[in-house]
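Step one of this worksheet: look at the structure below.
Counting begins at 1 with the first residue of the sequence. As the structure lists them, so they are numbered: ligands from 1, and atoms in each ligand from 1.
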Amino acid sequence: MGYKSIIDKNREWIDEVWNKLDEKLSRTAVKSRYKIPYTTVNGEHDDHKDTINKWTNGFWGGLMWLMYIGTGKECYKLTAEESECMLDKAFGKMAKLHHDVGFLWHITSGVDYRLTGNEDSKNRTLIAAMCLAGRYNVEGNFIRAWNAMWQGEDTTGWTIIDTMMNLPLLYWASGELGDDRFKYIAVRHADMAMRDHVRKDGSVNHIVVHDPTKPDTVLGTRAGQGYSEGSCWSRGDAWALYGFAISYIHTHEERYLETSKKVADYFIAETEKTGWLPRLDFRQPETPVYYDSTAGAIAACGLIELAKFSEGKEQEKYLSAAINILQTMEKNWCDWSETEDSILQMGSLMYEREQHMPIIYGDYFFAEAILKLKGNEFLPW
Ligand code: GLY
């Protein structure tokens, strides 16, 4: 079956879910307008205004822009603009910024600028791009991920697979300024991730430790948010799947498309084993059974993009897998009630703690995937 036939077959479900998203989010857009939510407590969005540099703080504003793009409703735009202004405080704590400036600004001020031409939004997004470019290690050819989490910790040589999703900020900055230096950094980092993070079978290393003083030198790997070193954290796999697809869209380099497909094939095979509900780590012990809905939502976005760049059976495989994941998660894990502010439940931060809870980026990527299935071509990344 071709792309259009698969969409047509599922059209009723896609429209129904989109309407449920709009019904619920048009309410919470007003209710949580002055918050920066991460999760919910007793059904109510929490608020991270006081931890403004947290990497997840762009997803609420980003979600509001997605809904504005899909509906044109003012309530979403107002909340997105409010969120963007609140994020300005994070620029006041530059030393606390990290590689996730793409998650913070590319999908908030970056989308605002692309939709409205707002010059303040363009400025915010350029500052974010410069922060990310400033984390590039010119000796090692990689972007440093995190700052030290405790005094004396040395993370100068650490890269993480998640950074793939921040590279679009650099591609955008190069296009905007007509200057490829940002893109050079993105491409060097993507090539490193392809070589050092993605394994032959399409699973990924979450953290790779490099020698920060020598080119392309790996010192080791770390478990990160998955089960253990050598395991495969499903959200990390999803970041790679979607991240390499996006790098392909921006650079047209076939090697990124091939890498994304390799990761996608592994993700699909592993997720199909558990009835399309992704486990937290594909190599975790049989018990306890931890899941992560956010991995499913991120992967679905990537799979839909991959389907657009494939043909025949391969196209059917990617699009059907995306729909299977989304439909199964919608049936089992979505809360459409009025007493709960979040939608997608069963997200997990990491193997060691905070499993099975709503997390704002689960809602963000779930909505992005449904918007794509509705045929909207706007790529926030
Ligand atoms: N980027 C951190 C995470 O995915 O949890």
Original post:
Based purely on interatomic distance, does Asp100 place a nitrogen or oxygen under 3.5 Å from a nitrogen or oxygen of ligand 1?
Top reply: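 In this structure, Asp100 places no N or O atom under 3.5 Å from an N or O of ligand 1.
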Original post:
Which ligand 1 atoms are under 4.0 Å away from a heavy-atom of Asp162?
Top reply: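 Every atom of ligand 1 under 4.0 Å from some heavy atom of Asp162: 1 (N), 2 (C), 3 (C), 4 (O).
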Original post:
Any salt bridge between Asp179 and Arg181, counting N to O under 4.0 Å?
Top reply: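 A salt bridge links Asp179 with Arg181.
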**OP:** Output yes when Lys308 and Glu305 qualify as a salt bridge under the 4.0 Å nitrogen-oxygen rule, no when they do not.
**Re:**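 Result for this pair is yes, salt bridge flagged.
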Subject >> Trp233 and ligand 1 - part of the residue with a heavy-atom distance under 4.0 Å >> reply: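 Under 4.0 Å from ligand 1, Trp233 contributes side-chain atoms alone.
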Original post:
Using heavy atoms and a threshold below 4.0 Å, how should the contact between Gln225 and ligand 1 be classified: side chain, backbone, both, or neither?
Top reply: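 Under 4.0 Å from ligand 1, Gln225 contributes side-chain atoms alone.
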Subject >> Aromatic centroids of Phe365 and Trp239 separated by under 6.0 Å >> reply: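 Centroid distance Trp239-Phe365: below 6.0 Å, so yes.
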**OP:** Determine whether the aromatic ring centres of Phe378 and Trp65 lie less than 6.0 Å apart.
**Re:**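 That pair fails the under 6.0 Å test.
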Original post:
Between the side chains of Glu153 and Thr155, does any donor sit under 3.5 Å from an acceptor?
Top reply: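 No - no donor-acceptor pair under 3.5 Å links their side chains.
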Original post:
How far is atom 5 (O) of ligand 1 from its nearest protein heavy atom, and which residue and atom is that?
Top reply: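 Checked against all protein heavy atoms, atom 5 (O) of ligand 1 sits closest to Arg235 NH2, 2.5 Å.
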